[in-house]
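None of the values given here were measured: they were computed from a predicted structure. Just so you know, ligand 1 is whichever comes first in the structure, and atom 1 is the first atom listed for that ligand.
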Amino acid sequence: MFIERLDVTGYEEVYHFADTDFSAFIAIHNTRLGPALGGCRMKPYESDDQALRDVLLLAKGMTLKNSLAGLDYGGGKMVVNAPDPTRDRMHFVGEAVETLQGRYLTADDVGTTIDDMKVAAQRTRYVATQGADALPGDPSPWTALGVFQCILAAVAYRNMQNAPTDLKIWVQGLGKVGWGLTERLANSRRRFFDLYVSDLLPDRVAAARTTFGATEYTPDKAAQIHVYAPCAMGQVIRDDNIDDIRFPIICGGANNQLETDELAQTLHDRGILYCPDFLVNAGGVISAASEITGYDEGAVRQSVIDRGVCLTKTFKMAEHGNTTPLEMAKLLAHSRLP
Ligand code: NAD
C-alpha cells in the first residue's frame, strides 16, 4: 500500500492511500472533542482530485455534525475512488484505517454496508458500525428517523401542520435513508403527506409507487411541492439552479446539499426554510457513536428524536440573531469545540 500524507490547511491530517488500481483518502478535520468519527464512502469519482475534494468537505461537515449532536467525537471521513466494495478493497480500507491507530473511526456510508464493514474489521480495530450481536449496525434507519422529526419540526415552524390540503413532499433518492424516510412519512399518524419520489434506479421508484402509493417526481411538479427532501447526493443546490428552487421547505438527509454556504442566505432571503443538513442527518452517527461507547437504544432514540427539537431551537435563535439557520447551527456547533 502506498501512503502519502498531504498538507491541507485547516485539517489536522489528510492521507492518500493507493493500491494498484484505486485510491482512497482519509481526512481528519478536527479532533478537539475526541477521535474523528465518520463513514467510509465508496464510489467511482471522475478523478482523485474530485475524491479528495469530497473527503475534505465531508470531514469538515462531520466536525459540525458530531459537535452539534453533543457527541464527543471529532470530524473525519474516508472516501475510496472505486466502483464497489470487494473483499480485497474492504481489507485495504481496514488496513488504511488501522495505520491511524484510532485517530479516525470508520463506519458504513454511501457505497458500503455493514457486511462490508465486517470485512474491513478483519484488518482494523477501528470500525464503529459492525452490527455485532444485538447491535443495530446499520445507522440509516436512525438517520431517516432524524430527518422525519426535522421535517415535522420545519412544517410546524412554518405553521403548515394544519394546512387544509395534504402536504406534498419530494423525497429525492430512495436508498437507505430515502426509503426509510418515505416509509415513515407514509405511516405518519401526525398528518398525511402526499409522497413524490425520484431515483436514478427506476425499479426503486416503481417499488415506492407500489409500496407507499407514491407518485414519481418530475420537474413539472416542482411548483406543487411543499417540502423537498434531498436524500441522494450532495450539491443539489447550486449557483446554476438556485433560481429554479422554490420549495417552501428543504429538509433532507444528504450531506453537503449546498454548493456553497452563501446559498443559505439566498434561500433565506427568498423565504425558503433551509434546514442545515449536518443537524438534520445526525441520527446515524448518534447510533454509531453509541455502538462504540456501549449501545443504549433508548438514549439513541431520544437523542435522534431531539434532532427536531434542536432544529426548532436553531430556527428561533437564528430569527432572534437575524441570521440564517445554517449560520446559527454552525455557531452552536463551534461553541462546543474546546
Ligand atoms: P444510498 O447509496 O443507499 O442511496 C442513495 C440513493 O440515491 C440511491 O438509490 C441512488 O440510486 C439514488 N440517487 C443517486 N443520484 C440520484 C439522483 N441524481 N436523483 C435521484 N436519486 C439519486 O445512500 P444513503 O445511505 O441513503 O445516503 C443518502 C445520502 O444521505 C448521502 O448523501 C449520504 O451521505 C447521506 N447520509 C446518509 C447517512 C446514513 O445513515 N446512511 C447518514 C448521514 C448522511
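Contacts of Gln235 with ligand 1, taken as heavy-atom pairs under 4.0 Å, are absent altogether. Here Val177 has heavy atoms under 4.0 Å from ligand 1 in both its backbone and its side chain.
Defined by atom type and a distance below 3.5 Å, a donor-acceptor pair is present between the side-chain atoms of Ser23 and His16. In the model, Asp220 has a side-chain atom that pairs as donor or acceptor with a side-chain atom of Thr218 under 3.5 Å. Side-chain N/O atoms of Thr113 and Asp116 include a donor and acceptor closer than 3.5 Å. Side chains of Thr106 and Tyr104: a donor-acceptor N/O pair is present below 3.5 angstrom, by distance only. Gln50 and Asp54 share no side-chain donor-acceptor pair at under 3.5 Å.
Checking Gly38, Ala144, Ala232 against atom 32 (O) of ligand 1, the nearest heavy atom belongs to Ala232. In this structure, of Lys43, Gln172, Arg204, the residue bringing a heavy atom nearest to atom 9 (O) of ligand 1 is Arg204.
Protein heavy atom in closest approach to atom 20 (C) of ligand 1: Asp199 CA, 3.5 Å.
In this structure, Gly234 falls outside the shell of residues with a heavy atom less than 4.0 angstrom from ligand 1.
Counting atoms of ligand 1 from 1 in the listed order, those under 4.0 Å from a heavy atom of Val110 are 2 (O), 23 (O), 27 (O), 31 (C), 33 (C), 34 (O). For ligand 1 and Gly253, the ligand atoms under 4.0 Å from any heavy atom of the residue are 30 (O), 35 (C), 36 (N), 44 (C).
In this structure, the side chains of Lys77 and His29 stay at 4.5 Å or more apart for every pair of heavy atoms.
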